[in-house]
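What follows is a short report on a single structure.
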Amino acid sequence: MAVTKTRNGSLVFAINGQRFELPTVDPSTTLLHFLRTQTRFKSVKLSCGEGGCGACTVLLSKYDPVNDTVEDMTASSCLTLLSSIGGCSITTSEGLGNSKDGLHSIHQRMSGFHASQCGFCTPGMCVSIFSALVNAEKTDRGDPPPGFSKITVSEAEKAIAGNLCRCTGYRSIADVCKSFAADVDIEDLGLNSFWKKEDSKEVKVSSLPSYDRNNEICTFPEFLKEEIRSVMSLDSKTDSWLRPSSLQDLQNFLNCIDVGEGTETKLVIGNTGSGYYKELEHYKQYIDLKGIPELSTIRMNTEGFEFGAAVTISKVIEVLKDSKQAGFPSRGEMVFNKISNHMEKIASRFIRNTASIGGNLVMAQRKHFPSDIATILLAVDSMVEVMSGTRCETFTLEEFLQRPPLDFKSILLSIKIPNWGSTGKVSGQKDSVLLFETYRAAVRPLGNALPYLNAAFLAEVSPCKTSGGVLVSRCQLAYGAYGTKHAIRARKAEEYLAGKVLTVDAFYEACKLVRATIVPEDGTSSPAYRSSLAVGFLFEFFSSFIDTTAETADGLLKKCKDALLANENQFNHDEIPTLLSSGKQFIETSPEYYPVGKPITKSGAALQASGEAVYVDDIPSPPNCLYGAFIYTTEPFARVKDLTFKPDQQPRGVVDVISVKDIPEGGENIGSTNMFGTEPLFVDDLSECAGQRLAFVVADTQKHADVAAELAVVDYGVEDLEPPILCVEEAVRRSSFFEVPSSVYPKQVGDASKNMAEADHKIISAKIELPSQYHFYMETQTALAIPDEDNCMVVYSSTQSPELTHDVIAKCLDVPGHNVRVITRRVGGGFGGKTIKAMPMMEHVYVFPLTQSSEQDLVKILIGNPQPKCNSNSCFRIVATACALAAQKLQRPVRIYMDRKTDTIMAGGRHPMKITYSVGFKSDGKITALELEILIDAGMSIDASPIIPSNFTSAFKKYDWGALAFDIKLCKTNHSSKTIMRGPGEVQGSFIAEAIIEHVASFLSMEVDSVRQKNLHTYKSLSLFYEDSAGEAQEYTLPSMWDKVAMSSKFSQRAQMIEEFNMCNRWKKRGISRVPIMVEMTVRAAPAKVSILSDGSVAVEVGGIELGQGLWTKVKQTAAFALGSIIGTENFLDKVRVIQADTLSLNQGGYTAGSTTSESNCAAVRLCCNVLVERLTPIKEKLQESIGSDSIKWQMLIAQGYSESINLSSISYYVPDMSSLKYLNFGTAVSEVEINLLTGETSILQSDIIYDCGQSLNPAVDLGQIEGAFVQGVGFFLYEEYLTNSDGLVTANGTWTYKIPSLDTIPKQLNVEVLNSGRHKKRVLSSKASGEPPLFLSASIHSAARAAIRAARKQISSWGSPGGSDSIFQLDVPATMPVVKELCGLDIVERYLEWKKGGD
């Protein structure tokens, strides 16, 4: 019995055991919105608003009073409508535990396994894990050992398959999941704070935070059960939310609605479709279909299953998986199992739990949604029942899909999936075999990604008694999601194959028919790839029979019956992919600076897991708060004539629209500024790119503001304007460039012309293009501005640079700096996207006596050059400034939480580049000279682009090029301003170096690894290329790391094994690659303040911001080390607290970027502590003398200091001297991949990394940075496409279209060694940075994919197929499935068949 309302019409439900009763509810309100605005439970986060990331995951529990059972499931609260949860119980991460009453073991393990960095995604992860544990306990498995759950490792890994994380790289989170599994190998779990590596298995098990499965949290409170039992009849009707209890009720409701008003009424079940189809309409009425028994019924008989349209996809999967228990014949069971396996790859579990099978099919029929369910059910002759008025009709699914879109008053009632084991479905021949397979090609193997194409094939085959071959007596081929209105049956191919013996010739003709049938509509991406997939999938299906030779009928019968197994062994196409199964971590600690160097857990990780950590959007809205959203331009270069709203869709709740005219007199239209230039806050007259800020609409709610921004209509004019510049070639033609100051332009090395002449071979004017990349921080741009007394403004901002945000706000508002206060506690991921415009203002620099040689060094201090060191993006600062401007005008608090679409469009992203190179080299592979021409797309404004050339060359110079010459141009285009993203310029430079090495090796037909080895630096050449940062010879650790990673990864042995694998496997190829990285780091100046309070506790302020990189953790360790020097062994870690950044409390904070912020902040804190120790030392000596003992307690010392009025607060400003300003970081990686030649899918089998952290400040934190950066690089090189339309407006603007790595796409084996390279006296506590350089190591995956493709092309060449060189080719970035497949041959199946025909 479903309960939604009490007798008085109120909505009643529970959250974390607390009762809620709401008399009125806006029916469009989501559960997420209610939780975040009307409760204290803020752990549920808004990240995508599409159900695509898992940050908002909650546990939704429903009670069945008849059976006295509770159903627990995860749900996406950003899509779940509040009105739909009547009678339900919601559990968030706060409901599992907290720091006051006790943390749940999930929270503790998240912290202890170092599995939370920025922490924004962590509460959702915790709920997903908790749900898996709760449901595992409902199984009939035997009791697990104490401290473990009934969950299996496989289930545990899949628990978070739909949850996204941008920081960690997932490996550590997978360990948390697996740690609960009864079948886990405890030795397989990675680095954690619970045990030491050498501990016994028993000690390790006992050290895990206790999990008591018999005393788990109650997910459904008794009081709510009692209410549900006591309420026998309910009036669930309200004006805005209708919940019919029968089909007759539904018909009555629909009959009362005029057809013209249909758009104002919405039928809902799970509301998950709103995640894909973004709705701007305001519905006056919702009709909830879940209360209609006929729509939720599941029937089973010998003919198959019938599912009511409201049955969830998860429930369908569960029922179909149990078909064996239902007693279906093996043929029927096989079909049902394969359908359920495929459905598990659709969306994510928290979507499948609430999405209905009927809703999915209706979206496919009415809105052309690229449905997997429609395709797989089409192949098995499924039927549907539709109610139109009082008439019910039954259609085949094919007829249903081909009908005109269902009108508003037509309802899909049920779906019937037939039993293919019944005698009426297949022939009665005893020797026939029924084949059924489903397929999908998607970026993510486990779902949460739309497919390029899906398919399902069913065939009945039997031995042909006359030919000895395999006869196809029945064939059903369904294809969908390839850029067509709906799934279709390939009728011509079916008709051709029916009755045919499967010969190579016959199948070749069938392939031609399929390719002619599966033709994507105009505008579909990768159309040729999708058509190729259609042929490839069909080949997979029949491959075992096509390769057969003539056999006797009796022999062939057995072969036919073994065919399914053979197919699965070769392709594993319906197998649930294995996730990350293992990883090894190797760290070396040193007690020298204890507790610095100890792998303690990240500060605040447990609070992040439980949801208690406060981010900007978690701050409660002040009274009278307003909400903002940006209106942006959609034309790249045009005059803005007018801004209005759609006349037929006037926005609700709008208070004002803020634009350039609202900037106060004397204020500046400034969104960002640095020593290179400025960018306006708003368009004044001329739009210079699509996605430029035009206005800031302010409304009474965030939803109203977001909708109003979408409803804005802008009138443009292009009269007398030149066409926009939308490519770097056009910028060159029109001489549209930004100047790179000579002080930051990199130096060339040697005489390239001379060395080029000495080369034995040359490659002239080869070209490479590199795309952009979006930051995809989990927390989008957010700010809260509150007017204060005396024309002051307090701004809470999620920024990597409060100081520069502060400066821009003051200039825009035309107020003194002391009237603005910017506060930042923590940031939910940044990666450069929340840094300020890169450069500190000139008044913030420290001046050294200059010599000619040190002038450039000074410039590098000022701007953080030459590394990523100016990570900068104006978007976050523009957000804060716009809120402050609106708040000043309206004298009310104004806040914004930017929606994912707008954030993606405005972010700018990484700099795209086009590189032309000419390289000379000897016959042995030694490069003598290299000349580069680089065109960098900087976008419409200069941003921090002038640092990119220097950053590029910094990482590019990792090889000894002999001589290096370059011409680098910053192109001004009408794209959005490109900005800093993790490793800006450096990731491109490091990759281009590898691409050139690969090209040389291919030209010479040499092993690429030997060419890399040949061109590694000697210390002599290192000193030539890196004049100021080469360091001492013993600091050059790369050569030894290069050898070490080869040994630890068994590189040579695996290379041989791969060669053998490729010889034996026709449709899968593997590749392996070893790459080095080298990058120049720059340490910046930083402030700190340390205060010892009267009770002995210590408060620390630093200029850096905690982004998830462990800055606070390292600062705490440094403070404890430095202060501990006066007392000795007393543990200071628990006494130290790092507090939020406040620009009026600690100035000159600079920006948190470039990987070295932790070092400089730790150095500043150490200076403060040294001052305090110096002040306390005389006090200590007096106390020792007075009490006659050397043993002085810390609190006694501090009390005495207070009594003697000693200043126990110290502010310091650390400025690196010239000897410690710059240094080199090194790393090496070996990666092995496997590619599928029929789909282009790349699987990362193993990556082995060695990274030099010097003497790590915290090896656990640095390990997390290494893994997270590496996986972010995997996204850049394999998956992430930051696509735009022809006007430059970003179209990959959400989780549906922009795919970052997920748990099922990371290396299956990830081994990392944090190298302790010994003391580096000139470094901060002998440490080195870890934030950005490891990202460059992911180029090893791209190179390995290239090696696998080379093997595939070599095979194709052996078939005698025409084409170019099998070894010289360009592999694009990202190497997506279509890119890989095209290089392996879009017609590879046909080529193979032609070769086979020729051979026969």
- Item | Distance under 6.0 Å and angle within 45° of ring axis: Arg826 vs Tyr615 | yes
- Query: Is there a donor-acceptor pair closer than 3.5 Å between any side-chain N or O of Trp195 and the backbone N or O of Val203?
  - Reply: no
- Task: For Arg109 and Pro209, indicate whether the former's side chain and the latter's backbone hold a donor-acceptor pair under 3.5 Å.
- Result: yes
- Straight-line distance of Phe130 CZ to Glu216 CD, nearest 0.5 Å: 4.5 Å
- If only atom types and distance count, is the side chain of His114 paired as donor or acceptor with the main-chain N or O of Lys602 below 3.5 Å? no
- Item | Gln18, CD atom: more than 12 neighbouring heavy atoms under 6.0 Å | yes
- Message: Working note: Val1100 + Val1165, criterion side chain to side chain contact (heavy atoms under 4.5 Å, CB included); need CA distance, chi angles, decisive distance, verdict.
- Response: CA-CA 8 Å; Val1100 179; Val1165 167; 3.8 Å; yes
- Yes or no on side chain to side chain donor-acceptor pair (under 3.5 Å) for Gln117 and Gln1265, after CA distance, side-chain angles and deciding distance? CA-CA 9 Å; Gln117 290 187 19; Gln1265 289 292 287; 3.2 Å; yes
- Would Glu779 and Lys45 satisfy side chain to side chain contact (heavy atoms under 4.5 Å, CB included), going step by step from the backbone distance to the final call? CA-CA 8 Å; Glu779 173 202 45; Lys45 307 297 185 188; over 6 Å; no
- Sidechain-backbone polar pair: Asp617 side chain, Tyr897 backbone, donor-acceptor under 3.5 Å: no
- Query: Does the Thr92 side chain pair with the main chain of Ser43, one donor and one acceptor, at a distance under 3.5 Å?
  - Reply: no
- Message: What I want to check is whether the side chains of Asn1258 and Thr1113 have a donor and an acceptor closer together than 3.5 Å.
- Response: no
- Query: Counting N and O atoms only, with roles assigned by atom type, does the side chain of Lys100 sit under 3.5 Å from a partner on the main chain of Gly97, one being a donor and the other an acceptor?
  - Reply: no
- Message: Treating Tyr1151 as the side-chain partner and Ser801 as the backbone partner, does any N or O pair qualify as donor plus acceptor under 3.5 Å?
- Response: no
- Message: Looking at Glu789, is its backbone amide N or carbonyl O close enough to the side chain of Asn791 to form a donor-acceptor pair, meaning the two atoms are under 3.5 Å apart?
- Response: no
- Task: With rounding to the nearest 0.5 Å, note down the distance linking CD1 in Ile1187 to CD1 in Ile1192.
- Result: 3.5 Å
- Message: Tell me if the CD atom of Gln1195 is crowded by more than 12 foreign heavy atoms within 6.0 Å.
- Response: no
- Tell me, please, whether Tyr777 has Lys834 positioned over its six-membered ring: NZ or CZ under 6.0 Å from the ring centre and within 45 degrees of its axis? yes
- Any chance you could measure Lys1135, atom NZ, to Lys1116, atom NZ, to the nearest 0.5 Å? 12.0 Å
- Query: Which value, rounded to the nearest 0.5 Å, describes the distance between Met110 atom CE and Ile173 atom CD1?
  - Reply: 5.5 Å
- Message: Taking Ile1105's backbone N and O only, do any of them form a donor-acceptor pair with Gln800's side chain (distance below 3.5 Å, no angle check)?
- Response: no
- Task: Any chance you could measure Ser1091, atom OG, to Leu1208, atom CG, to the nearest 0.5 Å?
- Result: 9.0 Å
- Looking at OG1 of Thr1156 and CG of Asn1161, how far apart are the two atoms once the value is rounded to the nearest 0.5 Å? 9.5 Å
- Query: Are any non-hydrogen side-chain atoms of Val127 and Thr91 less than 4.5 angstrom apart?
  - Reply: no
- Message: Using modelled atom types and a 3.5 Å cut-off, is there a donor and acceptor pairing between side-chain atoms of Arg895 and backbone atoms of Tyr796?
- Response: no
